[in-house]
Number of protein chains: 2
Amino acid sequence: MVNVSMPIGVLARSVGCKVQTIRYYEDIGLLPAAGRTAGGQRRYGETHRQKLVFIRHARELGFPLPAVRELLTLADQRESECAQADRVARRHLDSVNRRIAMLESLRAELELMLTHGHGNRIRDCRVIATLADHRLCTQVHHAEASGS
Amino acid sequence: MVNVSMPIGVLARSVGCKVQTIRYYEDIGLLPAAGRTAGGQRRYGETHRQKLVFIRHARELGFPLPAVRELLTLADQRESECAQADRVARRHLDSVNRRIAMLESLRAELELMLTHGHGNRIRDCRVIATLADHRLCTQVHHAEASGS
DNA sequence: CTAAAAGCTCCAGTCACTGGAGCTTCAAGC
DNA sequence: GCTTGAAGCTCCAGTGACTGGAGCTTTTAG
């Protein structure tokens, strides 16, 4: 077990994130402000650590911070309905599915670019030609290449 | 055919991007600076348009700007070797594959969260429980949820 | 008591744009 | 030729989710 009154660096190591990240979470009000020593340094207990684990886990699963905030609030209301947490997760699942579909069409396109016979000079290069001319695409690929 | 001397808005519409994006590409030196009217407005020709199409297409395929820059340089050197463009594309394919693999494990985790039986109160909620306790995960999911 | 490690705050930078304020130029209609 | 409204211009700030650094103070082990 980790000490009941950890400095920030120990907490950071114990959950596998950066010290700055923890301070950032406090800044934006995701993690409640820690108590301070007489000299002004933050000290954390087990409750903070559990909350941080929750946040990091949700982030690893790709939930954007607003969703994490929502889930955290829900987690604190142990008597409220589960349906809302399900909705958040389902919404995220939808976005994950959309991203997978898009990446798969990109993969197909890239594989086509790479496996197609081509000369060894740029002027005959399939990769370059495909990029220069959209009509050579077999796949539909539009919009949102990023985001969580 | 689009006019041989387009203002920036016409060019933007013709390739499907924002006016500011074109100015941004000029700022960072990705697109060569356009000629100007006496009054200081940019005017574009077909060469610019082709370059912009190339850039947008590469971006839609998820290539990060440094890679696009590299590909553009290659495209301009029509006699150089194709192998280098292939390497850029292959590197990108690898990263796409990694992202797909990761997203698929996230999907599995999210589906598990959602399909598992659970009570209708937060205290019995599988979604919340999974986030709070990493040990409930069946999937390995680490690090880089973003980036190309 | 000293010295190094770790903490603190504040600011800037990342990536690839996007939006807005406040101003100027262009082009069509009269 | 003049008006007027759309579209252009520059510059600055903001996005998301951190990350890194400067310059300082506090803690803690020896």
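The sequence lines fix the lettering, A, B, ..., with proteins before strands; numbering per chain opens at 1.
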Which part of the nucleic acid, if any, lies within reach of Arg69(A) when heavy atoms closer than 4.0 Å are counted: base, sugar-phosphate only, or nothing? nothing

Glu26(A) CD to dC10(C) P, in whole Å, measures 12 Å

Would a 4.5 Å heavy-atom cut-off, applied to side chains only, mark Arg13(A) and Met6(A) as touching?
no

Notebook entry, point to check: When you measure from the side chain of His48(B) to the backbone N and O of Leu31(B), does any donor-acceptor pair fall under 3.5 Å?
Noted result: no

Does a side-chain N or O of Arg56(B) approach OP1 or OP2 of dA16(C) to a distance below 4.0 Å, or not? no

From CD1 of Ile28(B) across to P of dA16(C) the rounded distance in Å is 8 Å

Is there side-chain contact between Arg43(A) and Pro7(A), with heavy atoms separated by less than 4.5 Å?
yes

Next on the checklist: Any side-chain N or O of Tyr24(B) below 4.0 angstrom from OP1/OP2 of dC15(C)?
Outcome noted: no

Pairing of Glu26(B) and Arg23(B) as salt bridge, 4.0 angstrom limit
no

(request) Please tell me if the side chains of Val53(B) and Ser14(B) come closer than 4.5 Å, counting only heavy atoms from C-beta onward. (result) no

Could you check whether Arg13(A) gets within reach of a base, just the sugar-phosphate, or nothing at all, counting any heavy atom under 4.0 Å? nothing

Rounded to whole Å, CG of Asp27(B) lies from C1' of dC17(C) at a distance of 11 Å

Ranking Arg23(A) and Ile8(B) by the position along DNA chain D of their nearest nucleotide, the one closer to 5' is Ile8(B)

Atom CD of Glu60(A) and atom C1' of dC18(D) are separated, to the nearest Å, by 15 Å

In B/S/- notation (B base, S sugar-phosphate only, - none; protein heavy atoms under 4.0 Å), nucleotides 22-30 of chain D written 5' to 3' is ----BSS--

Between CD of Gln20(B) and C1' of dC12(D) the distance, given in whole Å, is 13 Å

Checklist entry - So what does Arg42(B) hit on the nucleic acid, given a heavy-atom distance under 4.0 Å: a base, only sugar-phosphate, or nothing? => result sugar-phosphate

Atom CZ of Phe63(A) and atom C1' of dA17(D) are separated, to the nearest Å, by 17 Å

Ile22(B) CD1 to dT18(C) P, in whole Å, measures 11 Å

For Arg56(A), the salt bridge (Lys or Arg N to Asp or Glu O under 4.0 Å) test, sequence neighbours excluded, returns none

Met6(A) CE to dA5(C) P, in whole Å, measures 23 Å

Under 4.0 Å from OP1 or OP2 of dG19(C): is there any side-chain N or O of Lys18(B) that close? yes

Minimal heavy-atom distance between Leu71(A) and Ile128(B), with the atoms involved, is O-CD1, 3.7 Å

Using OP1 and OP2 only, check whether a side-chain N or O of Arg59(A) sits under 4.0 Å from dC18(D). yes

